[in-house]
Amino acid sequence: MRIVEKILYGFGGLLALILLFIAICHFNPELAEKIGASQKVEAVEPGTGNHAGEVLMTNAAVTFGELPAAENTRALTETALKGDTVPGNNTRAADDSDNDKSAESKLKVPGKVAGLSGYIPVKATGTEITQTKADEIAKELGKGETGSKLDFDGDIYPYYDIINETQRAVYRQIYANANAQNKHFAPVEDITANDLKNAFTSVVNDHPELFWVETAYKYQYTPKGSVADITLVFNVTANDLDASKSEFEAAAKLIRDETYKNYTDYDKERIVHDELISRVKYDANAPMNQSAYSALVYGRTVCAGYARAFQYILQQLDIPCYYVTGFAGENHAWNIVRLDDGYYNVDSTWDDTNPNTYDYFNCSDADYASDHVRRDLSIYLPPCNGNRYSGLEVNPSVTPPATTTKPSTGTTTTRPSNNTTTTTGTTTTTTDQTTATNTESITVVTVRGGGDADYIDNIGDYFNECFGAMVNKDDEVITFDLIVTDKKLWDNIYKAYDRGDCQEGYIDRYLVEKHKNACSMYVEAVPRTDGSYLLRHRAVIS
């Protein structure tokens, strides 16, 4: 009997504890949410079943970077992008993790293009908040521009066509708010972190004209995985967006106008390819280098900028052109173009070599198999099997024309010698006008002369004087004279041109400051009777 009493007392005490716990949770819902979230994490092993962003939930801030290729592929399949199958216009199946790694490990990137990459995957930074906080956000924060009346043609905007209906609704909202410059808003649909990433990635992949939107965003989410708010990140061009758009459109028009009187899509595509790589220089340190703006306005970018600029101009010409991301020794971006017989790969970054080539222009997937692998949403883009417009171009076999920014040290730049013409005395120097024969828009700038105090005596001052002589001029050809103290300094300057140091010393600064595409600098050295050297400069700007 006593044993039964003890058992009953035990059950009674346990029941009392349970009731007390329920009461505490009732009056303190945040505690219940935290306990539920902790149980969810303990119950699921990382990497099983759920999408990234839904499994990795803690009470601390979590940064979601690039999803591994295979993991992202599985997530897209499980969320049934457009039903139960992968989009019908793509015959490629989603590779598993082992196949992805195997394919990437077998890539052989040619030495002349190794390192010409620079694509940075979309970065999403998420922070978990309580449901109570999410409810407060829902009451206080509006949805901004919903974009509910927008629609996007899948032939031009393929990523919109790939994603599911929930993601499309948020895609339209992100696009509309980006255009309205609304940074912070609540999603129009109940959406998970992974679905949000697909929607945002699709927007920036489809719309290179949104150059002021960084390929990064922030969001807050509840313990149940629902996104409570979205924060876009804008770059400096948003500070004066009207002016930035004008510069952007003007730069694009310069290339687009070159296609005038060419009537086939192929001819237009080839001209845009050639014009782009002749005007743009690969520069891993270029500002805003994930945007089309960096290529078209600054003339300096990485693969992402080349691909987005190419995409934008072909879109303006009504030629379907898609932005592709993947792996080519490093994270890389290129394009897919649709012509009348099918789709082609184009990698303008890898064609921008010395000399420029057509090695990666209008190629099939089989042609790219040895050095390019698609990743993430790009695996759902159409396969490239066109052949009518492959191999029609001939690579140049001559030295590139004088549009390169590197000075032509082998011809018009000469080493000092005793046979070179000599000027006399310390009178003010002037440019030899014979160098300007039959050339329009020439500006003569006399910078140095007079006594020894005015002579340039170090290479840093030389760079500054060159920049100063050119930066306030808008002519196609600029000529100016400088005097350096002695032969040793001239030899150092000559070597600087030969090594390309002058590129960083002043030419790059000039190109960025003036929004120019290229500068060819020709320099002639003339020894003077006092041991100094007159340097005659002729800059051809384009």
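How far CD1 of I313 is from CD1 of I271: 12.0 Å, rounded to the nearest 0.5 Å.
Ion pairing between R168 and D161 holds under the 4.0 Å rule for side-chain N and carboxylate O. Salt-bridge check for E275 with R279: passed, with a basic side-chain N closer than 4.0 Å to an acidic carboxylate O. Salt bridge K112/D359: present, at least one basic N to carboxylate O contact under 4.0 Å.
Heavy atoms from other residues, nucleotides or ligands lying under 6.0 Å from NZ of K218 number 12 at most.
Among residues two or more places apart in sequence or in another chain, the salt bridge (charged side-chain N to carboxylate O under 4.0 Å, His left out) test is passed with R300 by D283, D508. D240 pairs by the salt bridge (charged side-chain N to carboxylate O under 4.0 Å, His left out) definition with nothing, not counting sequence neighbours. Partners of K253 by side chain to side chain donor-acceptor pair (under 3.5 Å), not counting sequence neighbours, listed by chain and number: D257. With sequence neighbours excluded, no residue satisfies side chain to side chain donor-acceptor pair (under 3.5 Å) with Y510. For Y322, there are no ring-ring contact (aromatic ring centres under 6.0 Å, His included) partners, not counting sequence neighbours. For D501, the side-chain contact (heavy atoms from CB on, under 4.5 Å) partners at least two apart in sequence or on another chain are A496, R499. By the side-chain contact (heavy atoms from CB on, under 4.5 Å) test, R270 pairs with Y266, D267, D274, Y358, F361, E393, sequence neighbours left out. A search for ring-ring contact (aromatic ring centres under 6.0 Å, His included) contacts involving F310 returns nothing, not counting sequence neighbours. Contacts of D340 classified as salt bridge (charged side-chain N to carboxylate O under 4.0 Å, His left out), with partners at least two apart in sequence or in another chain: R388. A search for side-chain contact (heavy atoms from CB on, under 4.5 Å) contacts involving N235 returns W212, E214, T237, M288, not counting sequence neighbours. The side-chain contact (heavy atoms from CB on, under 4.5 Å) check on T325 picks up Y119, Y323, S378, with sequence neighbours excluded.
Looking at D190 and S226, their side chains do bring a donor and an acceptor atom within 3.5 Å of each other. In this model, no donor atom of one side chain and acceptor atom of the other lie less than 3.5 Å apart for H372 and D365. Under the 3.5 Å distance criterion, with hydrogens and angles disregarded, a donor-acceptor pair is assigned to the side chains of Y306 and D352.
Nearest heavy-atom pair across Q503 and K281 is NE2-NZ, 3.1 Å. Closest non-hydrogen pair, I336 versus P382, comes out as CD1-O, 3.7 Å.
Counting only distance, with no hydrogens or angles, the side chain of Y368 and the backbone of D347 share a donor-acceptor pair below 3.5 Å. In this structure, the side chain of N362 engages the main chain of Y389 through a donor-acceptor pair within 3.5 Å. Under the 3.5 Å distance criterion, the side-chain polar atoms of Y344 are matched with a main-chain donor or acceptor of N387.
By the 4.5 Å heavy-atom criterion applied to side chains, C303 and W334 are not counted as neighbours. With a 4.5 Å cut-off on side-chain heavy atoms, V204 and R308 count as touching.
Listed by first and then second residue, the ring-ring contact (aromatic ring centres under 6.0 Å, His included) pairs that reach into residues 148-199 are F152-Y157, F152-Y160, F152-Y171, F152-Y175, F152-H207, Y157-H207, Y160-Y171, Y171-H207, Y175-H207, sequence neighbours excluded.
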